[in-house]
2 protein chains.
Amino acid sequence: MSGQTVSRVSNGRDNVDPDTRERVLEAMRKLGYRPNSAARALRSGRFHSIGVITFTLSSFGNMRTLDAIAIAAADAGYSITLIPVPHPTQGEISVAFGRLSEEAVDGVIIIVEAHLLDENDVALPADLPVVIVDSTAGDRYPVVDTDQAHGARLATEHLLDLGHRTVWHIAGPERSYSATHRREAWEATLREHGADVPPVLVGDWSSESGHELGLELARNPDVTAIFAANDQMALGLLRALHESGRAVPAEVSVVGFDDMEESRSFWPPLTTVRQFFGEVGRRSVEALLYEVESGERDDSTLVATELVVRDSSAAPPA
Amino acid sequence: MSGQTVSRVSNGRDNVDPDTRERVLEAMRKLGYRPNSAARALRSGRFHSIGVITFTLSSFGNMRTLDAIAIAAADAGYSITLIPVPHPTQGEISVAFGRLSEEAVDGVIIIVEAHLLDENDVALPADLPVVIVDSTAGDRYPVVDTDQAHGARLATEHLLDLGHRTVWHIAGPERSYSATHRREAWEATLREHGADVPPVLVGDWSSESGHELGLELARNPDVTAIFAANDQMALGLLRALHESGRAVPAEVSVVGFDDMEESRSFWPPLTTVRQFFGEVGRRSVEALLYEVESGERDDSTLVATELVVRDSSAAPPA
DNA sequence: CACGTGCATGTTCACGTCAACATGCGGTCT
DNA sequence: AGACCGCATGTTGACGTGAACATGCACGTG
């Protein structure tokens with residue numbers, strides 16, 4: 001019984017005598033044999049692993065996307081290697097990308113605000129397939145992202161259609177592309193409908209920042225409709241409105257963005273724009289593996305959104 | 001210039017002439033040389049990677065733990081290989097553990113309800129170090145977990161100390177060990193204080209289930225204090241109380257468990273038990289790497305909790 | 001019966017790295 | 001001067017796998 005026969009059994013080839021196969025399997029069991037993936041990777045040049053670079057996982061979107069990526073990858077027979085970048089400082093990012101060249105991966109999915117890539121001008125290993133998620137990357141790499149503009153438009157139009165004269169906006173941080181896209185689409189939609197464009201309030205995605213900015217908005221009696229750039233800020237905003245005694249949605253309507261699992265349990269249940277993170281994850285794996293296996297770069301894609309109307313939005317007070 | 005010299009430079013050995021080192025680095029840059037981790041792993045027998053088996057990442061605790069694990073591992077020079085088990089059916093679990101033997105990992109951290117291990121009687125590769133997180137595993141493997149009982153005791157005593165005659169409980173699913181531990185500690189604490197033990201309401205961790213059970217509790221005028229086994233169910237519970245017109249905390253006090261980032265922005269801001277997921281992640285990596293590097297099994301550890309008092313708890317109505 | 005044919009199984013070798021050992025050169029000590 | 005030492009660098013081989021090629025056996029055909 002040679003190593004070759006073991007290899008054949010282990011790889012499920014069919015040109016092995018059933019008796020022999022059985023004896024081999026029996027021996028494997030008895031000896032606790034585990035195929036050595038390092039040797040296999042060395043021989044084949046494939047690691048069957050996808051690297052995922054992300055800052056914090058502690059963000060609803062990143063986490064959901066990662067989950068979907070992991071599942072899609074597993075379905076395709078790939079595992080996920082996480083490459084965390086805990087503190088997005090210049091140095092850390094370079095370190096992470098440097099480490100990348102030593103990682104045993106066939107390709108990389110990057111879930112990082114793209115401006116950080118630009119600013120750091122980091123050189124990814126040239127022959128490594130890359131897909132960027134939830135960001136913008138010129139056209140150096142394929143990008144898979146939620147259609148932020150589409151979602152922001154849905155939210156803004158929903159509020160205008162309810163009869164509000166205009167819609168205020170609590171935006172995400174300036175350096176975030178998704179925040180910028182949502183904000184631009186919100187503004188464009190208002191202009192198209194001939195509505196005033198009120199000043200933007202800039203938060204940092206946290207519910208706490210939504211609360212602070214919300215207290216400010218609550219003081220202004222002209223405000224009847226607010227579009228928050230994510231559900232967490234919407235949550236803080238709802239709290240601010242309650243604390244200020246302004247009824248939602250009777251006096252003020254609120255729309256969020258993301259559709260977190262909890263949003264339906266906010267008080268009142270939140271009208272929001274649903275993102276299909278699962279789809280984003282699936283497509284990014286698809287695009288990456290396409291390049292890994294064919295050598296050709298795939299196109300960028302946008303994933304549509306959907307408005308979920310719950311109880312936090314209604315017509316303005318008469 | 002032999003391969004050996006390249007190896008020495010690449011590994012940062014000091015017995016290389018500075019001139020030569022420079023020439024080698026220059027050549028590496030020019031040729032885009034990347035050390036082959038498969039060959040390295042083959043030679044050394046170490047992958048410098050930790051496998052993490054988890055069901056869904058879409059749970060606040062798992063995700064935070066994973067984040068901490070990833071960071072702790074990165075600090076120790078290890079990367080994380082995710083092994084998702086999307087659907088925890090008998091078959092899927094066996095598949096995942098089977099796949100494990102082919103993964104390039106030095107050890108495994110399992111974030112899976114332990115009863116699933118028992119029920120499936122899966123054989124992990126015998127020589128692979130394993131650490132279990134957030135669960136219970138007899139004493140087959142070291143376990144790192146939040147001290148669930150301690151947290152539940154803190155929550156319950158807090159409410160009793162405020163003057164409530166007893167505390168109701170919305171528990172997590174029966175098959176979850178953490179849910180069971182919290183529930184048992186809640187019950188034990190009530191008994192110690194000579195308080196009645198009201199019937200338990202069993203949810204499934206989701207805010208939606210908290211809402212449903214909350215509507216039930218809201219109807220009962222005897223209920224003045226409720227301990228929810230996680231913050232998400234507490235969120236749904238708050239909504240149910242609002243909808244039923246019962247003021248929090250004036251009429252009913254609510255305490256959660258987890259301290260999600262959003263909990264401070266609930267309405268009212270939630271009193272809850274803070275879990276130190278970062279610490280759990282760090283310790284589990286520590287325990288695993290101890291075994292990987294020394295060959296000896298580490299002890300199990302519990303991580304303490306902390307009560308965070310906010311506005312959802314107060315003395316009962318007079 | 002000689003010869004081919006098909007199939008199971010065996011043998012050889014290369015993948016990239018790095019430990020161990022070998023070489024070779026300039027300098028030092030007696 | 002001769003022996004020796006330290007240091008940079010080169011050479012060899014082994015890690016486990018699997019493709020490619022080689023062997024050997026059973027069976028069928030003219």
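All values below were derived from every heavy atom in this structure, side-chain atoms included, with hydrogens, water molecules and symmetry-related copies excluded. Order of the sequence lines sets the chain letters (A, B, ...), proteins ahead of strands, with each chain counted from 1.
A residue-by-residue look at B/A39 and B/N15 shows that B/N15 has its nearest nucleotide of DNA chain D further toward the 5' end.
No side-chain heavy atom of B/I50 sits less than 4.5 Å from a side-chain heavy atom of B/T81. Counting heavy atoms from C-beta on, the side chains of B/T180 and B/E174 never come closer than 4.5 Å. Using a 4.5 Å cut-off on side-chain heavy atoms (C-beta onward), A/D145 and A/V280 make no contact.
Residue A/H48 contributes atom NE2, which lies 13 Å from atom C1' of D/dG18 at whole-angstrom precision. The nearest whole Å value for the distance from the CG atom in A/D19 to the P atom in C/dC7 is 18 Å. Note: CZ (A/R34) to C1' (D/dC15) measures 16 Å, nearest angstrom. Atom CZ of B/R21 and atom C1' of D/dC7 are 14 Å apart (whole Å). A/E22 has its CD atom 16 Å from the P atom of C/dA8, to the nearest Å. For the pair B/R46 CZ and C/dT17 C1', the computed distance is 17 Å after rounding to whole Å. Here the C1' atom of nucleotide D/dC15 and the CG atom of B/N36 are 13 Å apart, to the nearest Å.
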Checklist entry - Can you give one letter per nucleotide of nucleotides 19-27 of chain D, 5' to 3': B if a protein heavy atom sits under 4.0 Å from the base, S if only from the sugar-phosphate, - if neither? => result BB-------

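In this structure, B/E26 pairs ionically with B/R29, as a charged nitrogen and a carboxylate oxygen lie closer than 4.0 Å.
Between B/T20 and D/dT9, a side-chain N or O to OP1/OP2 separation shorter than 4.0 Å is present. Put simply, B/S44 has no side-chain N or O that comes within less than 4.0 Å of OP1 or OP2 on C/dC18.
For an aromatic pair to be called close, the ring centres must be under 6.0 Å apart, and B/F277 with B/F60 satisfies this.
In this structure, the nucleotide among C/dG16, C/dA8, D/dT17 sitting nearest to the side chain of A/D17 is C/dA8. With C/dC18, C/dG16, D/dT9 as the choices, the nucleotide that has an atom nearest any side-chain atom of B/L42 turns out to be C/dG16.
B/L288 and B/G107 make their closest contact through CD2-C, 3.8 Å (heavy atoms, listed as atom of the first residue, atom of the second, distance).
In terms of modelled atom types and a separation under 3.5 Å, the side chain of A/D106 and the main chain of A/H48 share a donor-acceptor contact.
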